[in-house]
Structures are given as structure tokens and as C-alpha cells.
Amino acid sequence: MGRGRVQLKRIENKINRQVTFSKRRSGLLKKAHEISVLCDAEVALIVFSTKGKLFEYSTDSCMERILERYERYSYSERQLQTNDVNNPGSWTLEYAKLKARVEILQRNQSHFMGQELDSLSLKELQSLEHQLDSALKHIRSRKNQLMFESISDLQKKDKLLQEQNNLLTKKVKEKEKNLAEQAQFSQQNEGLNSPSDLLIQPFNNSGSYQVGGANGGEENETPPYRVNAVLPPWMLPPP
């Protein structure tokens, strides 16, 4: 005996209805996965149970991208059908779209925060774990990049400070060398200008040389030779 055709109507028995829902849901998710693999199609499947429990399937875990694509196509078609911007129906549809998108974002955010995970299946939890791992890899990569950039900037600043320090040290040494040469030159000049190096000649009271001429009585007065040093009285000749 072959299996008879099931009549499509609501199952009155609650237990049978729940069992049928679980079986048909698994088969539906399997068919969605098969068509996405065999036909290379982007598939998004959303199922709500009678208790409000959510079951979903999306190709490569990109439900949001598929929904956004669906919204672009559906709204572009509606815009072509109507040119009335002030149509109240368009605003109602826009509100419903934004509300659904906000609910999806809030639900995903709660999942990423580790909240409201009881309604997720094993496959959905694995998909969520994969997304979190991928996000952590991006965060660590960005953190390492910023750390390397900071270290590189600090190394450049350290090299610049070392060059400035070397330049200042060189200038200080040159300045000290110049001061030492000036001090040595000053000491040499002071040694040459001391009174012991001057040649002192005898002179009279007026401070001029007295030289005897050939006639004996004549005196030739030479230009006075002034000495900067002051001699004591006992060194002066008698008048």
C-alpha cells in the first residue's frame, strides 16, 4: 500500500500538529539548503511557529544582505507602479519596512551580546559563533595594526631626539673648545705685556736720555722714552 495523499487542512490535534511542524520544518530547511547549493542561489527562509518561535535559514549566513536586496527590488517595483509620493500606503509600507529592519537589528544585537539564545538552533548557534570569531579576528587585526603604528611613531621620535641630542652635544664641545682657545690666547698676551719683558734704560729726572756729544759741553737731547711702569725713588739716578 502506498502512502495516501494528505489533505491540506489544519491539524486539529495539538500534538500531531507540533510533530508535523517539526518534520516539515526540517524538510523545508533541507530543501532550502539543497537549492542554494545545487543552483547557486541566494536563499532566505523565515518560519514562525504558533508560539512565536523563529526559525530561519540563509545562504552563507547573510540574512540581512538578502533582505536588503529583497527590499531594494520590491520597493523599486512599487515605485515604478506608483508615482504618487504623498500616497499614505507608501508611508505605511515604509514604516513597516523600517520597523522590521529595526527588529532584526535588535535581535541580532541581543544575540551578539549573548542574550535570547534559547530560541536558536544548533546550526544558528554555530553560525553566530562563526560571526563572532570573524569579528574578533578583525578587531585583533586592527588592534595589532594600531599598536605597530604607535611603536613605529615612537621609534621615529626616539631617533629624532637622539639626532638632536648628538647635535647639541657637538655644539657644546665646539663651544668649550673655542672658550679654551680664547683663554689660552689671553694668557699668552698677558705674559708678553708684563713689566719684566720691557727693556728699561737709565734716564734723568725729566725722564729723557742724556748722551754726551763730541765737543764735551754740548748735550743732545733725544726724544724722551716713556716707560709705562712706575719705578720706586731709590732706582732713580741722583740729580
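Each residue takes its place number in the sequence, starting with 1. A quick note: this is a predicted structure, and the numbers were derived from the prediction, not measured.
- Rounded to the nearest 0.5 angstrom, F55 CZ and S22 OG are separated by 7.0 Å.
- Hydrophobic clustering of Ile, Leu, Val, Met, Phe, Trp and Tyr side chains at less than 4.5 Å, counting indirect connections, unites L54 with M63.
- A continuous path of ILVMFWY side-chain contacts below 4.5 Å connects F48 to L67, so both sit in one hydrophobic cluster.
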Review item, side-chain donor-acceptor pairs of residues 146-167, under 3.5 Å, at least two apart:
residue: E149; atom: OE2; partner: Q145; partner atom: NE2; Å: 3.4
residue: D158; atom: OD2; partner: Q162; partner atom: NE2; Å: 3.2
residue: N166; atom: ND2; partner: Q162; partner atom: O; Å: 3.2

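- Side-chain heavy atoms closer than 4.5 Å link hydrophobic residues (I, L, V, M, F, W, Y) into clusters, and following such links, even through other members, never connects I46 to L28.
- More than 12 heavy atoms of other residues, nucleotides or ligands shown are found within 6.0 angstrom of CG on L117.
- In this structure, the separation between CG on N13 and CD on Q18 is 11.0 Å, given to the nearest 0.5 Å.
- Checked by atom type and distance alone, the side chain of S58 never pairs as donor or acceptor with a backbone atom of A44 at under 3.5 Å.
- Residues I11 and F21 fail the side-chain proximity criterion, which asks for heavy atoms closer than 4.5 Å.
- Linking Ile, Leu, Val, Met, Phe, Trp and Tyr residues whenever their side-chain heavy atoms come within less than 4.5 Å places F112 and L125 in a single cluster.
- The environment of CD1 in I15 is sparse: at most 12 heavy-atom neighbours from other residues, nucleotides or ligands sit within 6.0 Å.
- Between the CZ atom of R24 and the CZ atom of R17 there is a distance of 14.5 Å, given to the nearest 0.5 Å.
- Considering only residues two or more places apart in sequence or on other chains, E68 meets the side-chain hydrogen bond (donor to acceptor under 3.5 Å, both in side chains) condition with R101.
- In the hydrophobic clustering of ILVMFWY residues, with side-chain heavy atoms under 4.5 Å counting as a link, V43 and I66 come out apart.
- Applying the side-chain hydrogen bond (donor to acceptor under 3.5 Å, both in side chains) rule to R25 yields no partners; only residues at least two apart in sequence or on another chain are considered.
- Scored by the side-chain hydrogen bond (donor to acceptor under 3.5 Å, both in side chains) test, H33 finds Y57 as partners (sequence neighbours excluded).
- With values rounded to the nearest 0.5 angstrom, S141 atom OG is found 12.0 Å from L136 atom CG.
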**Request:** Give the C-alpha distance, both sets of side-chain angles, the deciding distance and a yes or no for side-chain contact (heavy atoms from CB on, under 4.5 Å) between N178 and E181.
**Result:** CA-CA 5 Å; N178 294 333; E181 291 178 353; 4.2 Å; yes
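- Applying the salt bridge (charged side-chain N to carboxylate O under 4.0 Å, His left out) test to every pair with at least one member in residues 119-139, sequence neighbours left out, gives no pairs at all.
- Contacts classified as salt bridge (charged side-chain N to carboxylate O under 4.0 Å, His left out) and involving residues 33-58 (residues at least two apart or in different chains) are given here: K31-E34, E42-R65, E42-R69, E56-R107.
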